[in-house]
> 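Structure provided below as structure tokens; questions to follow.
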Amino acid sequence: MLELNFLPFPTLETERLILRKVTMADSQDVLTLRGDIDAMRYIGKPISTTFDEARDLITRIQDGLENNTAIGWAISLKNNPQLIGTIGFHQIDKQHYRAEIGYMLLPQFWNKGLMSEAIQQVLDYGFNTMKLHSIQANIDPNNKVSAAILKKYNFVSEAYFKENFFFNGKFMDSEIFSLLNKR
Ligand SMILES: CC(C)(COP(=O)(O)OP(=O)(O)OC[C@H]1O[C@@H](n2cnc3c(N)ncnc32)[C@H](O)[C@@H]1OP(=O)(O)O)[C@@H](O)C(=O)NCCC(=O)NCCS
């Protein structure tokens with residue numbers, strides 16, 4: 001069985017980014033991110049509109065860390081501590097050494113290669129430090145950018161579920177991508 005310990009919190013660094021702990025001081029930026037209609041388009045969760053929702057999300061991230069059941073990083077540029085996105089592993093299946101990766105970024109920072117940088121570092125952490133055997137991503141098949149990034153890091157499409165996700169009164173398809181630890 002996989003044993004995880006996220007304390008002390010593993011701050012990660014890329015060429016342009018710091019991946020750091022999310023704190024209550026990030027509430028406004030989390031609300032901006034989770035309230036952004038474009039960033040939320042393919043997330044399959046309601047758009048946040050209140051500070052309470054942002055604070056609840058931060059509390060859930062902190063609980064995941066304390067219980068070693070999930071890890072979420074705030075993404076910040078090296079020259080500015082503002083949270084511009086999030087990335088992390090949730091749905092960690094310790095029995096089978098598998099976790100699901102999730103990520104999002106504020107639209108003004110898209111298409112600069114930033115999430116590619118973050119994902120590369122987080123995959124390294126997942127495979128080399130957490131000792132995961134496989135990592136999956138569950139995407140809306142219309143999310144071509146997310147699929148492109150996953151393919152760039154050698155994820156393969158592993159399953160396509162038809163109308164298995166009920167959201168906003170509609171049944172939607174989902175596609176599962178996965179990557180095995182071959183390091
Ligand atoms: C998905 C997301 C995180 C990408 O972040 P990003 O920093 O813009 O991504 P990058 O710049 O690192 O890479 C984007 C890649 O997609 C490609 N791309 C951009 N638009 C594209 C499109 N319409 N179709 C296909 N590929 C596209 C880019 O060319 C780039 O690939 P390359 O590096 O090989 O050139 C960002 O768009 C986002 O936050 N989206 C909303 C949240 C979301 O959907 N999260 C994923 C849920 S599974």
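Numbering of ligands and ligand atoms starts at 1, following listing order. These numbers were taken from a predicted model, which means no experiment stands behind them. What's counted below: heavy atoms across the whole structure, side chains too, no hydrogens, waters or symmetry copies.
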> Are a donor atom and an acceptor atom from the side chains of Glu117 and Thr14 found within less than 3.5 Å of each other?
yes
> Could you check atom 11 (O) of ligand 1 against the protein and tell me its nearest heavy-atom contact, residue, atom and distance included?
Gly113 N, 2.8 Å
> What's the shortest distance from atom 46 (C) of ligand 1 to any protein heavy atom, and which residue and atom give it?
Tyr103 O, 3.4 Å
> Who's the nearest protein heavy-atom neighbour of atom 29 (O) of ligand 1, and how far?
Asn111 OD1, 4.9 Å
> Is the closest side-chain heavy-atom distance between Phe9 and Ile71 below 4.5 Å?
yes
> Any salt bridge between Arg60 and Asp63, counting N to O under 4.0 Å?
no
> At what distance is the nearest protein heavy atom to atom 38 (C) of ligand 1, and which residue and atom is it?
Trp110 NE1, 3.3 Å
> Please state whether Ala137 comes within less than 4.0 angstrom of ligand 1, counting heavy atoms only.
no
> To the nearest 0.1 Å, how far is atom 25 (C) of ligand 1 from its closest protein heavy atom, and which atom is that?
Lys144 O, 3.9 Å
> Quick one: does Phe51's side chain get under 4.5 Å of Gln28's, heavy atoms only?
yes
> My question is simple, although I want it checked carefully: is atom 42 (C) of ligand 1 less than 4.0 angstrom from any protein heavy atom?
yes
> For residues Arg55 and Ser27, is any side-chain donor paired with an opposing acceptor at under 3.5 Å?
no
> Would you kindly say whether Ser116 and Tyr153 are connected by a side-chain donor-acceptor distance under 3.5 Å?
no
> Who gets closest to atom 4 (C) of ligand 1 by heavy atom: Thr86, Asp38, Leu105, Ile149?
Ile149
> Can you tell whether the side chains of Arg20 and Asp26 come within less than 4.0 Å, N to carboxylate O?
yes
> Where is the nearest protein heavy atom to atom 26 (N) of ligand 1: which residue, which atom, and how far?
Ala148 CB, 3.6 Å
> Verify, without hydrogens or angle tests, whether Lys45 (side chain) and Tyr42 (backbone) share a donor-acceptor contact under 3.5 angstrom.
no
> Can you confirm whether some protein heavy atom lies under 4.0 Å from atom 36 (C) of ligand 1, or whether none does?
yes
> Given Ser116, Ser174, Pro107, Ser146, which has its nearest heavy atom closest to atom 48 (S) of ligand 1?
Ser146
> Going by the closest heavy atom to atom 16 (O) of ligand 1, which one wins out of Leu106, Val145, Ile139?
Val145
> Who are the salt bridge (charged side-chain N to carboxylate O under 4.0 Å, His left out) partners of Lys78, not counting sequence neighbours?
Glu13
> So which heavy atom in the protein is nearest atom 44 (O) of ligand 1, and how far is it from that ligand atom?
Asn143 ND2, 2.8 Å
> List the closest protein heavy-atom neighbour of atom 31 (O) of ligand 1: residue, atom name, distance to the nearest 0.1 Å.
Lys152 NZ, 4.1 Å
